[in-house]
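Have a look at the structure below, then the notes.
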Amino acid sequence: MERVFKLPSTTFIGGKEKFLPLREILGRLEKAYCNKIGVEFMFINSLEQCNWIRERFETPNIMTYTNEEKRLILARLTRATGFEAFLAKKFSSEKRFGLEGCEIMIPAMKEVIDVSTRLGVESIIMGMPHRGRLNVLANVCRKPLHQIFTQFAGLEAADDGSGDVKYHLGTYIERLNRVTNKNIRLAVVANPSHLEAVDPVVQGKTRAEQFYRGDGEGKKVMSILLHGDAAFCGQGVVFETMHLSDLPDYTTHGTVHIVVNNQIGFTTDPRHSRSSPYCTDVARVVNAPIFHVNGDDPEAVMHVCKVAAEWRATFHKDVIIDIVSYRRNGHNEIDEPMFTQPLMYKKIRGTKPALDIYANQLIGEGVVTAEEVKSVKDKYEKICEEAFEQAKIETHIKYKDWIDSPWSGFFEGKDPLKVAPTGVIEETLVHIGNRFSSPPPNAAEFVIHKGLLRVLAARKEMLENKTIDWALAEAMAFGSLLKEGIHVRLSGQDVERGTFSHRHHVLHHQTVDKATYRPLCHLYPDQAPYTVCNSSLSEFGVLGFELGYSMTNPNALVCWEAQFGDFNNTAQCIIDQFVSSGQAKWVRQSGLVMLLPHGMEGMGPEHSSARVERFLQMCSDDPDYFPPESEEFAIRQLHDINWIVANCSTPGNYFHLLRRQIALPFRKPLIVLTPKSLLRHPECRSNFSEMTDGTEFQRLIPDALTAENPNKVKRVIFCTGRVYYDLLKARRDRKLDSEIAINRIEQISPFPYDLVKAECAKYANAELVWAQEEHKNQGCWTYVQPRFDTAINSTRDFSVEGDEGASEGYKDVFEAYITKNRPSTAGSDTRPDLPAAASVHSPPSSTTVPHGTVPPKTESSSWFSRLFGFGGSPKTQPIPQSQSSTSTTSPSSSSSPTSTSTNDNRSERANTHNHNPPPHARIDSVQEEKLVQQKTGQGFNIPQGTFNSPTSGSAASKGRKVRISSRPLSYVGRPCGASTATGSKAQHLKELKNLLDDAMGL
């Protein structure tokens, strides 16, 4: 053991010494690798990187800290512990997912931030689960404590949105880093309960910020991702996100991952939750070093964090910090962990907190005194108490205080109801088309595939005829935006060529590897950059990445295209939790465009449907409500919807739709069902005249052929997308051009009520039909059916509440209704076709109204008579709730309307009129409400939820109308089915023939 050996060049345990006895060699290696830190790095296939790591863990006395540094660690740990203790004391019965057991995470994050800031980082984007989030907001971001405490008060919001639980919220802070004396920007991205779903969103946001700053090496902007041990190894999106880390168009040049290793997942032990030795083994696939560290040794944790930050700055690669700790409480504060882990939690309850352990250590070393430790604790508790008292003064919470991606200057000075023009001059279309249809200029030696030469020639020919196909329309939309300084990014599987070999935005040299030419990058000398990039074979991770990218800058068109539309369902979590509801929950807008190839074309169940019904189901507009008609109808619909769903049938309309994403004064996600066979369909062409100045996106394209003589039309077919061309051919073959009109709804949601109403009025005597190629329980049918019902059925005014004279003019409506629905059997007081609340449980005199007279207003008047002003006084009479057919209406069974404040100033009585409207009495609005523009810090603010749906159910109030007649909408299409499509081409053709026969059958 005393024999002296010469140390090899691959070790650093000797420091400046070159020879050491065997005993000393073993001792130093054990101290470096068998103490409170465990390092995994030998799998890294770079000797330089391995030696770099060895040097930082083997060098003698590498973990020596000054007394000042130790006091800083203690102060940070005290604040982290004190914050959790304060919340536990003040809000003992609230779920907050505290950090007890791993409070060292807060000093760890601050150490990573300090070192990174010192090395030049100016902005850090963070993503994390719910555990410890409030502590991170308070002590890492230094968000005002009173704003955090206010979240516990259950106050109403002062601004719009549904909000989210406090441990899901994000924030954005710019502050001075007191340790480095440099300014730092910190963003914590809001996320749902779906663990790890936020990972790719953070990476996309980070990549975007690096791009806009020109930070090509990630020296100014970085990301930190926090994980739980069970989620890090259990959630597949972690693997998907990891595999983006070194891809040229997705890399963020290194992420610091911090794992809060509780050694348990909810109630599941590690032996049941993973098959690998460590929860961090997923990181091995990208050669990321893994540092395991004991969370009860603060100095060891700080050293690991320092090395991790330096690694990221040096090699621009991912690194993992695994803080091995415990969870002092259950999954949440009101959970009992002893049910499932009795021995583990018996041991935990006998374990001292890390703060006590470290404080005693420093007291023993003489670094601090017990009085100083207590003073630091008391000082922070006083800060919390003052913030707690300040929070009591608050009367509302403000969602805008929690925005994680503010768009400075975007909303200021904008008219929120003005859309910029989307048409462009013909000269621009010609220029972009020519560049897009040409090989590289001055590069005769660039060998292009012969098939592509034919494609380019065909494009040239279309340009000469001033027509465009789908690929040209998209290129012109992108190119015109690039000319205007708008960055365009198109991402997804095989998007450079296009799944259906139609796009070809990247031309490849046929004899030189990696030699490419991107026409849209060379349109104008001062254009914005264009990024088109094939992604990894991932939907969840890549869609999340592009969503994060879109959140960073509103003046960019960010598109994600699925290889086939139905593949979007593997990204359902991003769609449900982020895209559809992000603005409502987190006041966070996004203009992300999702391009989903869709169409029943005999390609089998997995290559047919983009499942549009799922997107439509999540649309926030009310199917029973006709918004007020005005010149601003379309823009107000768009402002109030949560996302836009479209299925264009012409290239020109697709051109306008893409450009409108940027022309809008706000941002909404756009879901586009893109075609497959239409990409080359000879009739799917648009003329330049449909795209030049003065033209715009058409929400509905009416049938031009039948418009001149609508009285001859016997059937009006409404459809959307590619099935239009099948219907068009079938009509032509059957010579029914004058008898059947085919209208295309291009924007499905928000629904074009006004245009549908006008088209139906044009063909007043025709049968109305909805035709779709999808199965009846899929596609748009279930979405459009009730909205057609609202749009096309006739309406009639009824009295304004409190207007006694007005009721005289509507007794005929009421009498007609009662006559139609009067029970046929004497003495019977119910009808199966009447809802329970409309059943009559009063003397006949209260339901039979002699023409020309107004019955006395009694408490026993029916619900419908009171609705029309024929019953008791609207000022005083109670309003009955929904009742069963055997109950009786009486004051005791009615509830008085409560006083509520609505943002369109409707009266209490008006907001509680329509508890249970009878069949064929859907209430819709035709009142002309003037939009109130309220100037806020971010410009004009229009309250959400005031246009596409009533503010209080389907309330009847001034200007409302009630439908009194019905015009049915028939369905033509495939019957209900479990699968999206048949796998047999012959069966597909048979189903399509039946569909067309039904559609054309007069």
Side-chain angles (χ1 to χ4, degrees), residues 75-100 103 106 128 130-176 186-188 190-191 193 328-329 332-335 353 355 374-404 406 584-588 898-903 934 936-938 941 943-944:
R76 288 175 167 177
L77 186 56
T78 300
R79 284 176 170 250
T81 306
F83 180 80
E84 299 295 352
F86 186 82
L87 292 184
K89 179 174 67 174
K90 296 295 186 181
F91 311 105
S92 58
S93 61
E94 285 267 6
K95 285 197 295 185
R96 53 186 170 81
F97 295 95
L99 203 51
E100 290 95 337
E103 296 93 340
I106 299 301
M128 65 177 298
H130 41 279
R131 186 166 311 286
R133 174 175 288 259
L134 298 180
N135 211 322
V136 169
L137 294 172
N139 287 311
V140 176
C141 300
R142 293 212 293 266
K143 189 168 185 66
L145 289 175
H146 75 275
Q147 290 183 3
I148 297 175
F149 296 154
T150 303
Q151 287 289 324
F152 287 88
L155 301 177
E156 290 186 1
D159 41 13
D160 302 304
S162 62
D164 202 349
V165 291
K166 48 193 166 288
Y167 39 81
H168 288 171
L169 299 175
T171 197
Y172 175 85
I173 298 284
E174 294 187 34
R175 66 172 177 82
L176 179 70
L186 301 174
V188 177
N191 67 278
S193 288
R328 187 166 289 276
N329 300 311
N332 58 62
E333 287 69 27
I334 57 178
D335 195 40
L355 175 61
K374 185 177 184 302
S375 173
V376 173
K377 288 182 182 177
D378 294 343
K379 180 180 178 182
Y380 187 68
E381 185 170 3
K382 182 182 178 183
I383 292 172
C384 290
E385 285 287 357
E386 291 173 353
F388 183 72
E389 292 302 317
Q390 185 180 353
K392 290 181 179 179
I393 303 172
E394 298 289 342
T395 58
H396 292 82
I397 57 173
K398 299 181 180 67
Y399 296 141
K400 66 181 181 181
D401 290 339
W402 302 83
I403 295 177
D404 55 22
K585 292 193 293 188
W586 306 317
V587 204
R588 184 172 74 190
T898 56
S899 176
T900 58
S901 174
T902 60
N903 52 9
Q934 178 184 357
T936 66
Q938 289 196 340
N941 175 50
Q944 293 289 324

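All values reported here derive from a predicted model rather than from experimental measurement.
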Measure the spacing between [atom1] of [X] and [atom2] of [Y] and express it to the nearest 0.5 Å.
| X | Y | atom1 | atom2 | value |
| --- | --- | --- | --- | --- |
| Arg96 | Leu87 | CZ | CG | 5.5 Å |
| Phe97 | Asp335 | CZ | CG | 9.0 Å |
| Leu145 | Tyr380 | CG | OH | 5.0 Å |
| Phe83 | Glu100 | CZ | CD | 10.5 Å |
| Phe149 | Gln390 | CZ | CD | 10.5 Å |
| Leu186 | Arg175 | CG | CZ | 5.0 Å |

Smallest separation among heavy atoms of [X] and [Y], with atom names:
| X | Y | value |
| --- | --- | --- |
| Lys143 | Ile148 | O-CD1, 4.3 Å |
| Cys141 | Thr171 | SG-CG2, 4.2 Å |
| Ala75 | Val376 | CA-CG1, 4.3 Å |

Any donor and acceptor pair, going by atom type alone, linking the side chain of Asp404 with main-chain N or O of Ala187 inside 3.5 Å?
no

Measure the shortest side-chain to side-chain distance between Leu355 and Thr78 over non-hydrogen atoms and say whether it is less than 4.5 angstrom.
yes

Is it true that Arg328 and Glu84 make a salt bridge, defined as a side-chain N closer than 4.0 Å to a carboxylate O?
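Result for this pair is no, no salt bridge flagged.
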
Electrostatic pair Lys392:Glu389 at N-O distance under 4.0 angstrom
yes

Does atom NZ of Lys89 have more than 12 heavy-atom neighbours from other groups under 6.0 Å away?
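Yes, NZ of Lys89 has more than 12 neighbouring heavy atoms, counting only those of other groups under 6.0 Å.
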
Around Arg588, counting heavy atoms of other residues, nucleotides and ligands shown, do more than 12 lie under 6.0 Å from its CZ?
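Enclosed.
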
Hey, can you tell me if Phe152 and Phe91 have their rings parallel, tilted or perpendicular (30° and 60° cut-offs)?
parallel

Of Asn139, Ile106, Leu134, Val136, which is the lone residue that meets side-chain contact (heavy atoms from CB on, under 4.5 Å) with Leu99?
Ile106

Establish, yes or no, whether the cationic atom of Lys90 lies under 6.0 Å from the six-membered ring centre of Phe388 and within 45° of the ring axis.
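Here Lys90 passes the 6.0 Å and 45° test against Phe388.
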
